[in-house]
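Throughout, protein chains are lettered first and strands after them, A, B, ... in sequence-line order, and every chain is numbered starting at 1. Here the structure is a predicted model, which means the values were calculated and not measured.
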2 protein chains.
Amino acid sequence: MPAEEERRGKSAKQEKAQVSLWERIERPAPPPRATLSAHRIAAVAVAIADAEGIDAVTMRRLATELGVAPMATYRHVSGKGELLELMVDFVYGELALPDPAVGWRDAMRTLAERTRAMLLDHPWMSRGDVLALTPNQLALTESGLAVLDGLGLDTDTMMAVFRTVAAYVHGSVTAEINLLRLMQDQGWSNGDETRAGLASRMTWLMDTGRYPAYRRYAGEATRKDDREWQFGVGLDCVLDGIAARMGI
Amino acid sequence: MPAEEERRGKSAKQEKAQVSLWERIERPAPPPRATLSAHRIAAVAVAIADAEGIDAVTMRRLATELGVAPMATYRHVSGKGELLELMVDFVYGELALPDPAVGWRDAMRTLAERTRAMLLDHPWMSRGDVLALTPNQLALTESGLAVLDGLGLDTDTMMAVFRTVAAYVHGSVTAEINLLRLMQDQGWSNGDETRAGLASRMTWLMDTGRYPAYRRYAGEATRKDDREWQFGVGLDCVLDGIAARMGI
DNA sequence: TCTGGCTGGATACAACGTACACAGCGACGT
DNA sequence: ACGTCGCTGTGTACGTTGTATCCAGCCAGA
């Protein structure tokens with residue numbers, strides 16, 4: 001590329017003519033301009049949120065991590081709301097969608113389990129006040145509808161079924177994450193430590209005598225820490241109910 | 001300031017004796033001390049959140065509304081986290097719990113519907129990163145367990161069933177609220193206005209051709225705006241599934 | 001009558017989101 | 001070839017937020 005080299009040489013010459021030698025060599029080399037893109041912004045923001053929680057994602061911190069001035073991000077994103085939208089869509093983009101050929105029930109199940117895994121990997125997602133209208137969220141919905149296609153359901157019912165499963169998954173995993181976050185904040189690493197940490201709060205509440213059934217649960221239950229089992233039981237109920245009520 | 005240091009150690013009466021009559025009667029009467037309590041704090045904070053959204057609940061605004069200095073609230077609450085906990089528990093306290101005598105399915109259904117109504121009345125609740133360990137949240141769980149008692153389920157299963165319904169309700173209503181919030185933020189008052197507002201975003205996405213099933217839904221569905229129907233269908237599925245799988 | 005402990009007030013500060021004006025650079029019409 | 005325009009990133013600044021810290025008044029008990 002002779003033309004490009006020529007142009008560069010010329011602009012350099014022009015600068016040389018205007019700025020004194022000593023000023024030039026004193027002046028720190030202009031840092032290479034970091035190029036920004038929505039994708040890179042999203043990736044870096046997600047990395048911060050994954051590593052240190054969503055509260056660590058500030059516009060300034062993000063800019064630092066991007067190697068850029070605090071306000072630079074605003075060229076690609078109108079504000080923090082859009083940033084969150086970008087982050088959510090970015091994560092949904094990593095979700096592997098199931099093959100509808102395996103049958104609606106198995107496909108729905110893997111969809112649910114993968115969504116759960118995704119949310120557990122990025123716990124800050126469950127706070128998403130983001131509507132499901134980003135491209136990759138829509139792709140998930142599309143996949144859910146495709147899975148339910150050809151079973152004789154009308155579109156209203158297909159969407160209702162998909163939303164039912166999605167609602168269960170989100171609600172269930174959100175509860176799961178809330179507990180995990182509490183444990184992490186307090187430094188408890190398993191169910192026993194957690195119960196020990198909550199003991200004083202709990203005995204105080206139990207001693208009011210207002211929660212006999214819960215007290216029995218606390219004493220008798222043996223699967224309190226089996227989160228997979230709990231999620232699975234509920235999911236089975238939901239899928240059974242769909243199969244029964246829709247006749248599929 | 002020697003005068004100030006001198007006055008600091010003296011009782012009210014001593015001060016009265018030293019301060020001139022004119023200074024005393026000119027000086028504005030000390031405002032009557034507002035009495036604070038956790039309950040009043042929660043009630044006022046909830047009122048603000050209901051009226052203007054959770055973001056309007058700042059410590060300063062709350063203090064103003066309570067007729068108190070900004071830092072006064074901190075005597076009753078360790079920080080904003082505990083304030084939110086207080087608010088959430090306050091709202092759960094207004095939830096009417098069902099009579100278990102009507103049978104588990106009806107009781108579960110009214111529990112679900114009343115929880116939905118409560119969340120829709122206080123949309124900021126769905127962002128609760130609060131664990132279900134406050135007295136009134138525990139009372140709801142207790143009620144759910146009581147409803148399922150005596151049906152031959154072990155405690156693990158009872159809790160799993162209750163949590164399944166709760167997860168569905170929270171997930172479903174959260175989605176509902178996210179849409180309602182978008183509509184309110186944009187000033188759209190019904191489904192048609194909303195679709196009109198989203199049209200450009202949507203046609204852009206649909207024209208990618210990546211969402212054929214969703215496009216069909218958008219064209220064919222007739223119950224897109226029937227939120228009660230959507231919630232009810234899903235709830236029926238969940239309850240059916242529980243009945244079938246648990247044999248109750 | 002004194003004193004200690006609550007409760008509310010006042011001041012202060014760091015961190016946040018973001019508005020605004022500016023500067024460099026590539027592309028394009030002339 | 002050259003001026004100009006539009007992007008994109010920079011620098012500065014402002015108002016708001018949560019909350020740490022210290023003070024002052026009041027009530028209970030000695």
Trainee: Could you tell me the separation between the CG atom of B/Leu84 and the P atom of D/dT17, rounded to a whole number of Å?
Mentor: 16 Å
Trainee: Nearest whole angstrom, please: distance from the C1' of D/dG9 to the CD1 of A/Ile41.
Mentor: 11 Å
Trainee: Is the shortest heavy-atom distance from the side chain of B/Asp121 to the side chain of B/Asp50 under 4.5 Å?
Mentor: no
Trainee: Considering only side-chain heavy atoms of A/Arg60, which listed nucleotide, C/dC16, D/dT10, C/dG8, is closest?
Mentor: C/dC16
Trainee: Distance check: side-chain N/O of A/His76 vs OP1/OP2 of D/dG9, anything under 4.0 Å?
Mentor: yes
Trainee: Could you please name the option among C/dG17, D/dG9, D/dT17 that lies closest to any side-chain atom of A/Lys80?
Mentor: C/dG17
Trainee: Let me know the distance between CG of B/Leu62 and P of C/dG8, rounded to the nearest Å.
Mentor: 13 Å
Trainee: Can you tell me the distance, in whole Å, between the OH atom of A/Tyr74 and the C1' atom of C/dC22?
Mentor: 18 Å
Trainee: Take atom CE of A/Met59 and atom P of D/dG9, then tell me their distance rounded to the nearest Å.
Mentor: 13 Å
Trainee: Within the 4.5 Å heavy-atom criterion, are A/Leu119 and A/Thr115 side-chain neighbours or not?
Mentor: yes
Trainee: Taking the side chain of A/Met71 as heavy atoms from C-beta outward, which of C/dG17, D/dG18, D/dT12 is closest to it?
Mentor: D/dT12
Trainee: Looking at B/Met59, is its backbone amide N or carbonyl O close enough to the side chain of B/Lys80 to form a donor-acceptor pair, meaning the two atoms are under 3.5 Å apart?
Mentor: no
Trainee: When the distance from CG of A/Leu36 to P of D/dG9 is rounded to whole Å, what number comes out?
Mentor: 5 Å
Trainee: Pair up each side-chain donor or acceptor in residues 67-77 of chain B with any protein partner under 3.5 Å, not counting sequence neighbours, and list the distances.
Mentor:
| unit_1 | atom_1 | unit_2 | atom_2 | d |
| --- | --- | --- | --- | --- |
| B/His76 | NE2 | B/Leu36 | O | 3.4 |

Trainee: Given atom CG of A/Asp55 and atom P of D/dT19, what is their separation to the nearest angstrom?
Mentor: 11 Å
Trainee: For the pair made of CD in A/Glu52 and C1' in C/dA15, what is the distance, rounded to whole Å?
Mentor: 16 Å
Trainee: Thinking salt bridges, do A/Arg116 and A/Glu228 make one under a 4.0 Å N-O criterion?
Mentor: yes
Trainee: What's B/Ala72 touching, base or sugar-phosphate or nothing? Going by heavy atoms closer than 4.0 Å.
Mentor: sugar-phosphate
Trainee: Return whichever of A/Val57 or B/Ala69 has its heavy-atom-nearest nucleotide of DNA chain C closer to the 5' end.
Mentor: B/Ala69
